[in-house]
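Notes to accompany the following structure.
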Amino acid sequence: MESEIANLRVILDVLDQYDVKCCFAVTGFSAEEGLYPYTFPELIKEIYSRGHEIASHSWRHEWIPLFEVKQVEKSLERSKNTLERAIEGKQNVVGFVPPHNRPMTWMRRGAFSLGDRRIFFCCNG
């Protein structure tokens, strides 16, 4: 995680050097006050203060197709509110970038995810 944050700082410096502004999709959970490096509201505030847009990447990078509509609404609302708090309400978070990947089972590494087996969660045929 430390190397990812260090790489992000390098990217921010390069963007500054070329005066390029970007949209950063961030999970709302990352904006919570909590244990670094799992949450980092100050880094999110820094990204915004350097002129970049902050968009929601859901609350915790959930696999949206498994959610009911109310769950999606709750995830997005919670993410939006937390991200706006981190940047002190200076920007309305209106962008949403859906998580593009999904949970995966990786048997050789001992990882099993029910999330990649939609049949376990679906009763509608």
Side-chain angles (χ1 to χ4, degrees):
M1 184 61 98
E2 283 294 326
S3 64
E4 291 175 7
I5 291 172
N7 288 337
L8 173 61
R9 291 190 186 286
V10 170
I11 290 168
L12 289 170
D13 290 343
V14 169
L15 292 171
D16 285 349
Q17 179 182 350
Y18 290 97
D19 195 28
V20 174
K21 302 304 177 201
C22 294
C23 177
F24 284 81
V26 184
T27 61
F29 181 80
S30 302
E32 286 284 349
E33 294 296 330
L35 296 175
Y36 179 85
Y38 304 106
T39 64
F40 35 84
E42 291 301 318
L43 181 56
I44 296 165
K45 185 177 176 181
E46 178 186 342
I47 292 168
Y48 173 76
S49 71
R50 289 171 86 161
H52 304 286
E53 181 182 354
I54 302 297
S56 172
H57 196 45
S58 76
W59 173 244
R60 289 192 67 155
H61 204 271
E62 299 93 348
W63 179 226
I64 302 283
L66 297 180
F67 274 15
E68 298 293 325
V69 172
K70 288 289 187 191
Q71 290 173 297
V72 173
E73 291 171 356
K74 185 175 182 178
S75 173
L76 296 181
E77 181 180 0
R78 189 174 183 187
S79 178
K80 171 185 170 48
N81 292 339
T82 307
L83 290 167
E84 287 176 353
R85 248 190 336 269
I87 57 176
E88 300 172 344
K90 294 178 180 174
Q91 172 204 327
N92 289 329
V93 173
V94 295
F96 171 60
V97 179
H100 68 281
N101 58 357
R102 61 186 183 90
M104 298 291 288
T105 295
W106 192 5
M107 297 304 283
R108 289 191 304 177
R109 298 294 293 219
F112 181 74
S113 173
L114 293 178
D116 68 353
R117 305 288 190 258
R118 185 161 176 83
I119 192 167
F120 292 132
F121 297 97
C122 180
C123 301
N124 301 5

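All of these numbers come straight from a predicted model, not from anything done at the bench. In this chain, numbering begins with 1 at the start of the sequence shown. Note: hydrogens, waters and symmetry copies are ignored here, and every other heavy atom, side chains too, is used.
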Closest heavy-atom pair and its distance - [X], [Y]:
{"X": "T27", "Y": "W59", "result": "CB-O, 3.4 Å"}
{"X": "K45", "Y": "A86", "result": "CB-O, 3.6 Å"}
{"X": "P99", "Y": "S58", "result": "CG-OG, 3.8 Å"}

Atom [atom1] in [X], atom [atom2] in [Y]: separation rounded to 0.5 Å?
{"X": "R50", "Y": "R9", "atom1": "CZ", "atom2": "CZ", "value": "7.5 Å"}
{"X": "S49", "Y": "L43", "atom1": "OG", "atom2": "CG", "value": "9.5 Å"}
{"X": "C22", "Y": "H52", "atom1": "SG", "atom2": "NE2", "value": "6.0 Å"}
{"X": "E2", "Y": "E4", "atom1": "CD", "atom2": "CD", "value": "10.0 Å"}
{"X": "F29", "Y": "H61", "atom1": "CZ", "atom2": "NE2", "value": "14.0 Å"}

| said: Taking E88 first and then K90, would you say they form a salt bridge - that is, a charged N and a carboxylate O separated by under 4.0 Å? | reply: yes
| Salt-bridge contact E73-K70 (side-chain N to carboxylate O under 4.0 Å) | yes
| field | Residues in ring pair (Phe, Tyr, Trp, His ring centres under 6.0 Å) contact with Y48, at least two apart in sequence or another chain | value | none
Measure the shortest side-chain to side-chain distance between [X] and [Y] over non-hydrogen atoms and say whether it is less than 4.5 angstrom.
{"X": "E62", "Y": "L76", "value": "no"}
{"X": "K21", "Y": "L15", "value": "no"}
{"X": "F40", "Y": "I47", "value": "no"}

In this structure, would [X] and [Y] fall into the same cluster of hydrophobic residues linked by side-chain contacts under 4.5 Å?
{"X": "Y38", "Y": "I5", "result": "no"}
{"X": "L83", "Y": "I87", "result": "yes"}
{"X": "F24", "Y": "V14", "result": "yes"}
{"X": "V26", "Y": "V94", "result": "no"}

| task | Begin with the C-alpha distance, continue with both residues' side-chain angles, and end with the deciding distance and a verdict on side-chain contact (heavy atoms from CB on, under 4.5 Å) for D19 and Q17. | result | CA-CA 6 Å; D19 195 28; Q17 179 182 350; over 6 Å; no
| Quick check: does any side chain N or O of S79 sit under 3.5 Å from a backbone N or O of S75, one acting as donor and the other as acceptor? | no
| request: Begin from the C-alpha positions of I54 and E84 and carry the test side-chain contact (heavy atoms from CB on, under 4.5 Å) through to its verdict. | output: CA-CA 9 Å; I54 302 297; E84 287 176 353; over 6 Å; no
